[in-house]
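Scroll down for the structure; my scribbles are underneath it.
Nothing fancy with the numbering, it's 1 onward along the sequence. Counting starts at 1 for both ligands and their atoms, in listed order.
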Amino acid sequence: MVATPILHHLHILTLLLICSCSMHASANTTTAVPCLPDQASALLHLKHSFTHANLPSWRAGKDCCHWEGVACDAASGRVISLNLSNIDATIHRVDTALLNLTSLKSLSLTTTRISEGLSTLSKLPSLNTLELHGLSSSDLVGPELSSIGDIRQLTSLHLEGYDFSRSQPSWIGNLTGLAHLRMHGCSFAGPVPDQIGTLAKLTLLDLENCNYTGQSVPSWIGNLTRLTTLSIQGCRHSGSIPSAIANLTRLEVIRLGNNSLVGKIPQSLFAFPALKVLSLKNNQLSGHLEDIPFPLYSSLSTVEINDNQLTGHIPKSILQLKHLEYLNLESNRLSGTIKLSPFWRLERLFFLSLSNNKLSIADEEGADVLKSLPNIYQIHLASCNLTKFPGSLRYLDKVSVLDLSSNQINDVIPSWVWENWKDQLESLNLSRNMFTALEKFPSLVHMPRLTALDLSFNRLQGSIPIPVTAVSGNVLDYSNNNFSSILPDFGRYIRSFYLNLSKNKLNGYVPSSICSASHLNILDLSYNNFSGSLPSCLIGSGKLTVLKLRENQFNGTFPENIREECKFRTIDLNRNQIEGELPRALLNCQDLELLDIGNNQVRGSFPSWLDILPKLRVLVLRSNQLNGTIRDLDGDHGTTNQFPSLQILCLASNRFYGHLPKGWFNKFKAMMENVNEEGRVLGYYTNTTHGFYQDTVTITLKGSDLIFTKILTTFKAIDFSNNSFDGHFPESIGNLVSLHGVNMSSNNFTGQMPSSFSNLSQLESLDLSWNRISGEIPQVLTSLTSLAWLNLSYNNLVGRIPQGNQFLSFPNSSFEGNVGLCGNPLSKQCETTDSTASSALAPPEPYNLWQDRLDAILLFTFVGLGFGVGFASAITFRMFCHIKGLDCKQCNKEV
Ligand SMILES: *[C@@H]1O[C@H](CO)[C@@H](O)[C@H](O)[C@H]1NC(C)=O
Ligand SMILES: *[C@@H]1O[C@H](CO)[C@@H](O)[C@H](O)[C@H]1NC(C)=O
Ligand SMILES: *[C@@H]1O[C@H](CO)[C@@H](O)[C@H](O)[C@H]1NC(C)=O
Ligand SMILES: *[C@@H]1O[C@H](CO)[C@@H](O)[C@H](O)[C@H]1NC(C)=O
Ligand SMILES: *[C@@H]1O[C@H](CO)[C@@H](O)[C@H](O)[C@H]1NC(C)=O
Ligand SMILES: *[C@@H]1O[C@H](CO)[C@@H](O)[C@H](O)[C@H]1NC(C)=O
Ligand SMILES: *[C@@H]1O[C@H](CO)[C@@H](O)[C@H](O)[C@H]1NC(C)=O
Ligand SMILES: *[C@@H]1O[C@H](CO)[C@@H](O)[C@H](O)[C@H]1NC(C)=O
Ligand SMILES: *[C@@H]1O[C@H](CO)[C@@H](O)[C@H](O)[C@H]1NC(C)=O
C-alpha cells in the first residue's frame with residue numbers, strides 16, 4: 001500500500017470538522033435572558049459534587065449561560081445543554097442537583113467508574129440527548145450504565161469507550177424512541193446486541209472501532225428501514241455485506257470501511273435514491289467494478305472504495321455522477337487505459353485518487369476538453385503508468401495536492417507547476433520517476449503554503465531548488481538524485497522539520513547557513529561527498545533528533561558541544577573519517593537509541609560508559625581503531641542496569657583483545673529477555689502530522705549485501721568478529737536467549753564450543769570461523785531449529801558432525817578447515833560407524849519455512865526513505881535473499 005498520510009489526514013480532518021460542527025451547533029451564547037438563579041445554584045452544586053473539576057468560569061455572580069459547556073434557552077434563561085466531555089474533570093457520581101435543570105435536553109459527560117446517580121437521569125423530563133465518554137477503557141464497565149435504559153424519552157445516545165464484556169447492554173432495547181445511536185470504541189463479550197435491531201425509529205447507527213465477536217454485519221440491520229446513516233467502521237467484520245441491506249432504501253450515508261469484508265459490493269447499494277456517501281474502504285471486497293451500474297439520477301457525492309481487491313475497468317457510468325465530489329479508487333486491481341479529461345468535467349470533484357492500480361493513464365493536452373474549470377484540488381495518480389507529465393493538469397488552477405509518484409515520467413518538471421500553483425500548492429510528490437530537470441526553476445521559489453515536496457528517486461541535476469514557504473515544519477525530500485550543489489544560504493530559507501539530501505552528488509563543506517535552519521528535527525545528508533569537520537552546530541543543536549551523515553568524507557573529531565538538553569535518538573556517522581575519541585558528552589543524549597560510528601578512525605577503548613544510556617538499542621563501532629580489552633562492565637559504576645536496551649552490538653574489525661570477562665553477557669537485559677511478541681519497528685512518531693520516522697541501520701547479512709532500513713525491536717545480534725579476542729568463550733552467552741545472530745569469527749578463541757549455545761533457541765546465524773576452538777561440536781546444537789546458517793570453518797574441531805535437523809542442510813564450507821571433523825557433509829567419513837547416528841536423522845526442516853518466518857519478522861524491508869512519512873511512498877520490497885551469516889559490515893548495495 002502506498003500511503004499518503006498527510007493527505008488522508010486532511011481529508012479525515014475535514015470530515016471530523018463537518019461532524020463536530022453538526023453535533024455542537026446548538027449553543028447560542030448571546031442569550032437575551034440571563035441565567036436564572038436556580039439554574040446557577042444547581043450548576044454550582046453540581047460542580048461541588050465532582051471529584052475534581054477545573055471549571056474556572058463557573059463562578060457565582062456570573063451569568064451561568066456563559067459558563068464553559070453550558071447553553072441556555074435564549075428566551076427562558078434555563079439550561080438546556082450541558083457539555084462537560086471536553087473539560088478537565090473527574091465525575092464519579094451524578095448529583096441530584098441535576099434534577100433542578102428541568103429543561104435540560106442534552107447532557108454530555110466524561111465519566112470514570114460511575115457508582116451512583118445515573119438513575120437520576122431518568123427523572124429529567126426533557127433529556128433526549130445523552131453522550132457519555134469513558135476515560136480509560138480499563139476502568140469503564142458497562143453494567144453500571146444499565147439505568148440509561150430507563151431514560152425512555154432519549155432520542156440520541158452516544159457511548160464512547162465502554163467495556164460491556166461482562167454484561168450485554170440489552171437495556172438498549174428499551175430505548176424505543178432512539179433515533180441516533182453511536183457507540184465508539186466499545187467492547188462486547190458476544191456480538192453487537194440484537195436489541196439494536198428492534199429500535200425501529202433509528203435513523204442513524206454508528207458503530208466504530210468496536211470490539212465484538214460477531215463475524216458478519218448483523219442481518220437484523222435489514223429491519224432498520226428508517227436508517228439514513230449506517231456506519232460500522234473498524235469493527236473487524238468479515239463475511240460479505242448482508243443482502244438485507246437492500247431494505248434500507250432511505251440510506252444517505254453508508255460507511256463500512258476498515259473491516260475485513262469480502263465478496264462483491266451488492267448492486268442494491270447503488271440503487272438507493274438518496275445515497276450520497278458510499279465508503280467501503282480498506283476491506284477485501286472483490287469483483288468487477290465495471291459491473292456496477294452507477295445510476296444517472298444518483299446523488300452520490302463521495303465514493304470511497306480504496307484499498308480493496310476490485311478488478312475490471314473503471315465504469316463509464318462513474319463519470320456521469322454529476323454530484324461527485326470525492327472519488328477514491330486507489331489500491332485496488334483496476335485495469336485498462338483511462339483518460340483524465342472526463343474527470344475534469346465533473347464540476348464538483350475536489351478529490352481524485354486512482355493510485356496503485358493497474359491502470360494506464362492516457363492524457364490529452366488542451367483546454368478545449370474543459371467546459372469550465374473544475375474545483376479539483378487533490379489529485380493522486382501514483383503508479384498509473386504515466387510516461388509524461390499530464391498536460392491537462394495545467395488547466396486546473398486550484399490544485400494544491402498532487403501525487404504523480406512511481407510512474408515512468410521521463411520528462412522535465414514543467415515550469416507551470418510552480419508558476420500556476422505557487423500560491424496554493426501544499427504537497428507535491430513527484431518521487432520515483434525519471435525526471436531529469438526542472439524547467440526554469442529559480443533556485444528560490446515562493447510557495448507559501450508548501451508542507452511537503454518530494455522529488456526523491458529521480459535523475460535531477462544541478463542546484464537544489466529551495467522553496468520559500470511560510471509553513472514551518474515542512475518536509476523536503478531531494479534524496480536519490482544527481483543534485484550537485486545547493487545555495488550557500490539555503491539554511492536561511494529552510495523551515496523544514498525534515499530535510500533529506502541523501503544520495504546526491506553534493507560536495508564541499510556543508511554550508512554554515514544550515515545552522516540557522518532552526519526547525520530541523522530530522523536531517524539526512526548521507527551518501528554525498530561532503531567534507532570538512534562535522535558541523536558542530538548540528539551536533540550541538542539541542543533540537544535535532546535524527547542526524548544521518550553516513551558515507552561522506554567528514555573528518556576531524558566528534559564535536560564535544562553536545563548540550564544537556566540533547567534530543568538525539570539517532571546519530572549515524574558511518575563511513576566517514578572521524579578520528580579521536582568519542583566525547584563523554586554523548587551521555588547527555590538520554591534518548592539515544594541508535595549510535596553508528598562504524599568505519600571511521602575512532603580511537604580509544606571500548607566506550608563502556610555508554611552503558612547508562614537507558615534507551616540505547618543499537619551500537620555500531622565496527623571498523624575503527626578501538627583497542628584494549630573489554631573489562632567487566634561493573635567496573636565503571638556500580639549500576640546493575642547496563643546497556644539495558646541494547647539489542648544490536650557490533651564491535652567487529654577493531655583491535656580489541658583479551659578475554660571476554662566471564663559474566664560479560666549477563667548484563668544485557670534486552671538480549672536476555674525472551675520475547676515472543678512481533679516487535680515494533682525501531683523509530684518514533686514525530687509529534688507532527690508527518691507520521692512515523694523509521695530508524696535504519698546497516699546490519700548487512702553476509703552473502704546478501706543488503707541494508708536493513710527497518711529494524712524490529714525484537715531483532716537481537718552481536719558481532720565481535722575480526723578482533724583478537726582470546727580465551728574461552730564465555731558460557732554466559734547462553735543467557736542471551738533471544739539472540740538471532742552471533743558473529744565471533746576471526747578471533748583467537750580457544751577451548752570448547754560452549755553447549756550453552758543450545759539455549760539460543762531463536763538463533764538464526766552463528767559464525768565462529770577462523771578461531772582456535774577445539775573439541776567436538778556439541779550434539780545439543782541440533783536442537784537449534786531456527787539456525788539457518790552456520791560457519792565453524794577453520795578451527796580445531798574434531799569428531800563427528802552432529803546429524804539432525806538443520807545440520808543436514810549446512811554445506812561443506814560450514815565445516816572445512818577442521819582437520820579432525822568427519823561425517824556429512826564432509827567427504828571424510830568417520831571411522832567408527834555409529835548406527836544410532838543415522839537412525840536418529842530427523843528430516844531437515846525445509847529451508848523455505850525458515851525463510852518465510854524470517855521474512856515475516858525481519859525482512860519486510862522498506863527501501864529508500866527511512867522516513868515512512870508524509871507523502872513518502874512506502875513501497876514494500878520483499879527481499880528474496882538467502883541470509884547467510886550475520887555481519888555488520890558496511891556495504892552499499894540496495895534492492
Ligand atoms: C442567538 O440568540 C439571539 C438572542 O436571542 C438571537 O438574536 C440570535 O439570532 C441567535 N443566534 C443564533 C445563531 O441562533
Ligand atoms: C433544587 O430545587 C429545589 C426546589 O425546587 C430546592 O429546594 C433545592 O435547593 C434545589 N437544589 C439545588 C442544588 O439548587
Ligand atoms: C425494559 O423495561 C422493562 C419494563 O420497564 C423492564 O422490565 C426490563 O427489565 C427492561 N429491560 C432491560 C433490558 O432493562
Ligand atoms: C476485545 O475485548 C476483549 C474482552 O471482551 C478483550 O480481551 C480484548 O483485549 C479486546 N481487544 C481489543 C483489541 O480491544
Ligand atoms: C425483523 O423484524 C421482524 C418483525 O418485525 C422479525 O420477525 C424478524 O425476526 C426481524 N429480523 C431480524 C433479522 O431480526
Ligand atoms: C425488510 O423490512 C421489513 C419490514 O419493513 C421486514 O419485515 C423484512 O424482514 C426486512 N427484510 C430483511 C431482509 O431484513
Ligand atoms: C504501460 O503503458 C505502456 C504504453 O505506454 C503499455 O505498453 C503497457 O502495457 C502499460 N502497462 C500496463 C501495466 O498497463
Ligand atoms: C579535513 O579535510 C579537509 C579537506 O576535505 C582538509 O583540508 C583538512 O585538513 C582535514 N582535516 C583534518 C583534521 O584532517
Ligand atoms: C591503543 O592504541 C593507541 C594508539 O592508537 C595506543 O597508544 C595505546 O597504547 C593502545 N592501547 C592499548 C591498551 O593497547
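When every heavy atom of D719 is checked against every heavy atom of R622, the shortest pair comes out as OD2-NH1, 4.4 Å. Here the closest heavy-atom approach between residue W421 and residue L402 is recorded as CZ3-CD2, 3.6 Å. The minimum heavy-atom distance between L310 and S286, with the atom names listed, is CD2-O, 3.5 Å.
Per-residue contacts place S531 under 4.0 angstrom from the following atoms of ligand 8 (heavy atoms of the residue considered): 5 (O). Atom numbering of ligand 9 starts at 1 in the shown order; those under 4.0 Å from a heavy atom of Y657 are 12 (C), 13 (C), 14 (O). Heavy-atom proximity to R603, at under 4.0 Å, picks out these atoms of ligand 9: 4 (C), 5 (O). Here is the list of ligand 9 atoms found below 4.0 Å of a heavy atom in N627: 1 (C), 2 (O), 3 (C), 8 (C), 10 (C), 11 (N), 12 (C), 14 (O).
With hydrogens and angles left out, the side-chain atoms of N574 and N599 include a donor and acceptor closer than 3.5 Å. Between the side chains of N722 and S653, at least one donor N or O lies within less than 3.5 Å of an accepting N or O.
The N/O atoms of N555, backbone and side chain alike, include one that comes under 3.5 Å of an N/O atom in ligand 8.
Under the rule for a disulfide bond (SG atoms under 2.5 Å apart), the partners of C566 that lie at least two apart in sequence or sit in another chain are C589.
Although no hydrogens or angles enter the test, the distance criterion places no donor-acceptor pair under 3.5 Å between the side chain of S406 and the main chain of S383. A side-chain donor-acceptor contact under 3.5 Å links N624 to the backbone of N600.
Residue-level contacts of ligand 7 at the 4.0 Å heavy-atom threshold are S360, N385.
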